[in-house]
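Single-structure report; data block below.
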Number of protein chains: 2
Amino acid sequence: MATELQDFLEVIQQVDTFEGFQEATVGLRDLLNITHVVYHWVNSVGERFGAGTYSSDWVDRYLEKDYLRMDPVLFGCFQRFTPVNWKQLDWSSKAAKAFFRDALDHGVGNQGYTIPLRGPNGQFALLNLNHNATDDQWERFISRYERDLMIVAHEFNKKALSFDAPGEVQSGPALSPRETAAITLIARGLSRGQAAAEMGISEHTLRVYIESARHKLGAMNTTHAVARALSLGLIIV
Amino acid sequence: MATELQDFLEVIQQVDTFEGFQEATVGLRDLLNITHVVYHWVNSVGERFGAGTYSSDWVDRYLEKDYLRMDPVLFGCFQRFTPVNWKQLDWSSKAAKAFFRDALDHGVGNQGYTIPLRGPNGQFALLNLNHNATDDQWERFISRYERDLMIVAHEFNKKALSFDAPGEVQSGPALSPRETAAITLIARGLSRGQAAAEMGISEHTLRVYIESARHKLGAMNTTHAVARALSLGLIIV
DNA sequence: TTCTGCCTCGCCATTTATGGGGAGGGTGAA
DNA sequence: TTCACCCTCCCCATAAATGGCGAGGCAGAA
């Protein structure tokens, strides 16, 4: 087991260009001896990237049909933090069933396992494993590899992040304590008047903080500023 | 190594009550033979919980001094997704130095390693390891255990999540596609008019979506709704 | 079938936020 | 010391959001 993990990690360590992700998924697929491996991530700017072994037919169709908006795997993983066996997801809707059938028709295996990963600044990534197998076989596969795959997924994500944000921590524009406090209260739903009262200052002063924070964050309005502050991890609601 | 990991996991598996986290951190500390182990998490409602081996003196002082608002460890981890050696953090500010000195005075070791974990619904957790050691010793400790600790952290978080959200996926109030789209555009800084134009509907219709989403999210105003939707992972900006 | 939820649109009045302008005192860094 | 940044307060006019009223059509679930 430990030996295998080493093999997996070697494949990932070799990724040194953006295109390398593709090769890494192929390498991982061959090592695991399964049908498909796909790594998919959304960076801090909301751009989506994918690298994997799905046929280009399927990728094209996926994009064309805008499956991103209803894929139960994506949707399910967005709501959880634990890896998920596709069988556990909600495939009950008509659209989901049609999607699954369409996927099978394009060479996607009937079993899947996905590890969701989250980072700061809204980074969100998925490592998808896909195979044709019975439920039992797939369960055995998962219980054998789940630990290793967790590590693998993290290493993948580390690589992705190193391309995405070379500085690792760009930390964005720091807000002053009062600005942070003000934005936090606003994010909690208080009106400016309430927030000012809460902070024991005049509403005008509070306004100055919000405006100042807004400018630092490059936001068009207060709501945008709150969204950015949240996404950047500058505040916690 | 594999044996040790089994030991670690056994400690965590035994957690069956809320209070069990405390014992688990003690168990983990003893197995790793270090000074402190602390698990800290913020649940979906923004409540904070901690379990660990820090002295109650230090915990009290930490809360009393409101160190939460400036702790470089917390702040640093909020910005990254990779585990972090405390030495890499920014301790340059006066407040940070004072905090560090205060921590040492309360029995906190000079070296630390923290694994940040994120989940859906704004869940955010930290597994802190702390010890008295030289930089070299600590580096060796980290490189020896980092893989295992990643797994351990995930198992911890899985437990925490099972207490936090017994249903595993409460998924919150689902927004309709149009509501999601509307909230997303608003979160990106568009005004209602702009967002409506973007979606090709009347401003009034867009307002209905926002209002509807606001009610579903239990938010007091649009900004609050955006903050909640973001925290719940219902939208990505 | 009935009912619920979703999508679409309109008007009204009121509250709230925004975008400018100004001012003074504090603290820490160069 | 000077400069920059932070904290605090005020006024004014306009733009925008909110709350509540109404309406119809269309789909899927009970």
Side-chain angles (χ1 to χ4, degrees), chain A residues 69-70 90-98 172-229 234, chain B residues 69-70 90 92-98 171-229 234:
Chain A
R69 302 228 163 273
M70 57 70 58
D90 176 21
W91 296 93
S92 60
S93 84
K94 191 174 286 187
K97 281 173 189 153
L175 300 181
S176 81
R178 297 300 265 176
E179 286 162 357
T180 307
I183 283 276
T184 304
L185 291 176
I186 295 296
R188 287 188 186 149
L190 305 201
S191 70
R192 301 205 294 199
Q194 293 173 316
E198 183 75 25
M199 289 175 68
I201 56 178
S202 79
E203 183 179 338
H204 282 112
T205 304
L206 183 121
R207 239 183 75 188
V208 175
Y209 297 147
I210 301 293
E211 288 289 295
S212 167
R214 207 160 60 79
H215 284 121
K216 286 183 183 176
L217 295 166
M220 337 256 294
N221 53 46
T222 304
T223 302
H224 192 197
V226 165
R228 289 192 62 84
L234 298 176
Chain B
R69 301 227 164 272
M70 56 68 59
D90 175 22
S92 61
S93 85
K94 191 174 282 187
K97 282 173 188 153
S171 94
L175 300 182
S176 80
R178 298 300 265 175
E179 286 161 357
T180 306
I183 284 276
T184 303
L185 292 176
I186 295 297
R188 287 186 186 152
L190 305 201
S191 70
R192 300 205 296 202
Q194 292 172 316
E198 183 75 25
M199 289 176 66
I201 56 177
S202 78
E203 181 178 341
H204 186 85
T205 303
L206 183 121
R207 243 182 73 189
V208 174
Y209 297 146
I210 301 293
E211 288 290 294
S212 167
R214 207 159 61 79
H215 283 123
K216 287 183 181 173
L217 294 165
M220 339 255 292
N221 52 46
T222 303
T223 302
H224 193 196
V226 165
R228 289 192 61 84
L234 298 175

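Hydrogens, waters and symmetry mates are skipped; everything else that's a heavy atom, side chains included, is used. Chain naming here is simple, since letters A, B, ... match the order of the sequence lines and numbering starts at 1 in each.
Below the 3.5 angstrom threshold, one finds no donor paired with an acceptor across the side chain of A/R214 and the base of C/dG19. In this model, a side-chain donor or acceptor of B/R207 finds a partner on the base of D/dG19 within 3.5 Å. Side chain B/R178 to base C/dG5: no donor-acceptor pair is found below 3.5 Å.
Using a 4.0 Å heavy-atom distance criterion, B/S176 is classed as a sugar-phosphate-only contact. Nucleic acid contact class of B/T222 (heavy atoms, under 4.0 Å, all strands): sugar-phosphate only.
Between B/H224 and B/N221 the shortest side-chain heavy-atom distance falls below 4.5 Å. Contact check for B/I186 versus B/T222: side-chain heavy atoms found under the 4.5 Å cut-off.
The interatomic distance linking A/E179 (CD) with D/dT8 (P) rounds to 11 Å, in whole Å. Atom pair A/H204:NE2 and C/dG24:P shows a separation of 18 Å (rounding to whole Å applied). Look at NE2 on A/H224: it is 17 Å from P on D/dA16, rounded to the nearest Å. At whole-Å resolution of the value, CG in B/N221 and C1' in C/dT16 are 10 Å apart. Distance, B/L175 CG to C/dC6 P: 10 Å, rounded to whole Å. One atom, OH of A/Y209, and another, P of C/dA17, lie 17 Å apart when rounded to the nearest Å. Between the P atom of C/dG19 and the CD1 atom of A/I210 lies a distance of 13 Å, rounded to the nearest Å. Atom NE2 in A/H215 sits about 15 Å away from atom P in D/dC5, given to the nearest Å.
To the nearest 0.5 angstrom, B/M199 atom CE is 9.0 Å from B/T184 atom OG1.
Listed pair A/S191 / C/dT16 fails the phosphate criterion, with no side-chain N or O lying under 4.0 Å from OP1 or OP2. Between B/T205 and C/dC9 there is a side-chain polar atom (N or O) within less than 4.0 angstrom of OP1 or OP2. Contact between the side-chain N/O atoms of A/K216 and the OP1/OP2 oxygens of D/dC6 is found at a separation under 4.0 Å.
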(message) Run A/R178 and A/T205 through side chain to side chain contact (heavy atoms under 4.5 Å, CB included) and show every step you take.
(response) CA-CA 10 Å; A/R178 297 300 265 176; A/T205 304; over 6 Å; no
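The two atoms that bring A/M220 and A/R214 nearest to each other are O-NH1, 2.9 Å, heavy atoms only.
Ranking D/dC9, C/dA17, D/dG20 by closeness to the A/E203 side chain, first place goes to C/dA17.
Nearer to the 5' terminus of DNA chain D, by closest-nucleotide assignment, is the contact made by A/S212 (compared with the other of A/S212 and A/I201).
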